[in-house]
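Report on the following structure.
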Amino acid sequence: MASSHSLEEHGSSSKRPCEYLTLVFSPLSAPLRSRWRNNGLSADFLGDYVTTFLPGNRSPSLGEALHSEIRHAVTYIANELLENAMKYHEKEVEVPIEIHLELTNDHISISVSNGINGVQGQLYKEFVERLQKQDSGELLLRQMEGQFHASESVRSGLGLVTMIHDYGAQLDWEFRRIAHHEDVIAVTTSAILPLSNLAGVQA
Amino acid sequence: MEDYAPILEMLKETLIKGSAPIVLDLRQLDFLNSSGITMFSRFVIEARDRSGVDLQFIASESVPWQARSLKNLQRLMPSLEICLA
């Protein structure tokens, strides 16, 4: 199974000091439509949460505007990743949907994990290959131009392209097999935001 | 995206019924997900494809998504005017 992963180890096992937070959602308890509001609530919470630990809280030189930028970037990215995960999650397996936020002294990472079926997994891998090969500006333009006729999987990709193009995020993916479920793939999508990219924040 | 359909329809009606210029004041719109960006893309493409549409967006520099993402719509329609207020 293809695998690509460059994040630091998560949580307390990481050698670098970091703050982290993980939310885990049971996969079967609510239909997609009622999940939608919760995606926004969760994303807002993560955006607010991370600002507590920003260097600005220890240094008055970081203004409210920078906090607002970072809060918004985390909220936007978390919301997009959660919406995709809820939309494509394979409901037939008891795999939770998980979002993990991590703040180190030089970056913020947001990772979302969920299970998808083999067909969606293949489509997603193909889209990831395009993201890795093509210029994000050109891809963004084509995505916006092509919305009228785009397939479902491509349409969802606009969120990922904007993370790269508009927010300077580095994206990373991991695809894993799930024991006893041949047709389901566990996918983790991670967005890494270097703090230096966010309006000149100095950690 | 389907939740944005009524807004898109309303916006498209302004292209048919409205008189120039068409001005959208977005300053109070604090957050927009990618489906919302898709909706505005469709609207701007529709405006571009009708010749002679004078379209303006009023935006706020202090709303992060507007400062980051609105300029992408100008690539779809170079005559789109974005006024940062």
Side-chain angles (χ1 to χ4, degrees), chain A residues 32-33 36-37 39-41 43-44 47 63-84 86-87 136-150 152 154-169 193 197-199, chain B residues 1-12 15-16 24 26-51 53 55 57 59-82 84-85:
Chain A
L32 183 64
R33 196 161 187 86
W36 232 238
R37 177 174 171 273
N39 294 339
L41 288 174
D44 281 342
E64 180 56 33
L66 291 181
H67 277 203
S68 171
E69 283 283 340
I70 293 171
R71 181 190 296 116
H72 172 78
V74 169
T75 299
Y76 179 81
I77 289 170
N79 186 64
E80 293 296 323
L81 291 176
L82 276 175
E83 283 190 0
N84 282 349
M86 298 293 175
K87 186 173 178 182
S136 64
E138 292 306 310
L139 204 51
L140 180 70
L141 189 62
R142 277 212 295 280
Q143 291 258 324
M144 292 194 303
E145 283 275 10
Q147 295 297 334
F148 285 111
H149 308 293
E152 193 73 6
V154 173
R155 204 156 55 220
S156 292
L158 183 67
L160 296 174
V161 180
T162 52
M163 286 176 210
I164 298 171
H165 186 266
D166 296 351
Y167 293 86
L193 283 169
N197 282 7
L198 289 164
Chain B
M1 182 60 206
E2 64 196 51
D3 289 335
Y4 286 102
I7 303 171
L8 181 59
E9 285 311 307
M10 183 194 72
L11 291 173
K12 283 181 177 177
L15 293 175
I16 299 166
L24 265 66
L26 302 174
R27 287 175 291 181
Q28 301 297 314
L29 187 56
D30 288 333
F31 187 84
L32 191 71
N33 67 4
S34 65
S35 296
I37 294 172
T38 297
M39 177 200 68
F40 278 124
S41 301
R42 289 188 183 187
F43 171 62
V44 167
I45 288 169
E46 188 97 359
R48 178 194 66 192
D49 291 347
R50 291 168 177 269
S51 58
V53 173
L55 184 60
F57 286 176
S60 170
E61 270 181 333
S62 62
V63 179
W65 80 265
Q66 296 183 15
R68 288 179 181 273
S69 297
L70 270 181
K71 59 185 180 294
N72 298 328
L73 296 173
Q74 279 176 318
R75 295 180 67 193
L76 293 172
M77 182 182 184
S79 67
L80 170 66
E81 193 177 341
I82 296 176
L84 284 171

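In what follows, chains are A, B, ... by sequence order, proteins preceding strands, each numbered from 1. On a predicted model such as this, the values are computed, not experimentally measured, just so you know.
Residues satisfying the ring pair (Phe, Tyr, Trp, His ring centres under 6.0 Å) criterion with A:H165, sequence neighbours excluded, are absent altogether. Applying the salt bridge (charged side-chain N to carboxylate O under 4.0 Å, His left out) rule to A:E138 yields the partners B:R75; only residues at least two apart in sequence or on another chain are considered.
Contact record, B:I37 with A:Y76: CD1-OH, 3.7 Å, taken as the closest heavy-atom pair.
With contacts defined as side-chain heavy-atom distances shorter than 4.5 Å, the pair A:S68/B:P64 qualifies.
Atom CZ of B:F40 is separated from atom CE of A:M144 by 13.0 Å, given to the nearest 0.5 angstrom. Rounding to the nearest 0.5 Å gives a distance of 9.5 Å between CD of B:Q66 and NE2 of A:H72. With values rounded to the nearest 0.5 angstrom, B:I45 atom CD1 is found 4.5 Å from A:E145 atom CD.
For the options A:L141, A:D166, A:N79, heavy-atom pairs under 4.5 Å to chain B are most numerous at A:D166. Chain B forms more heavy-atom pairs under 4.5 Å with one residue of A:T75, A:T162, A:V161 than with any other, namely A:T75.
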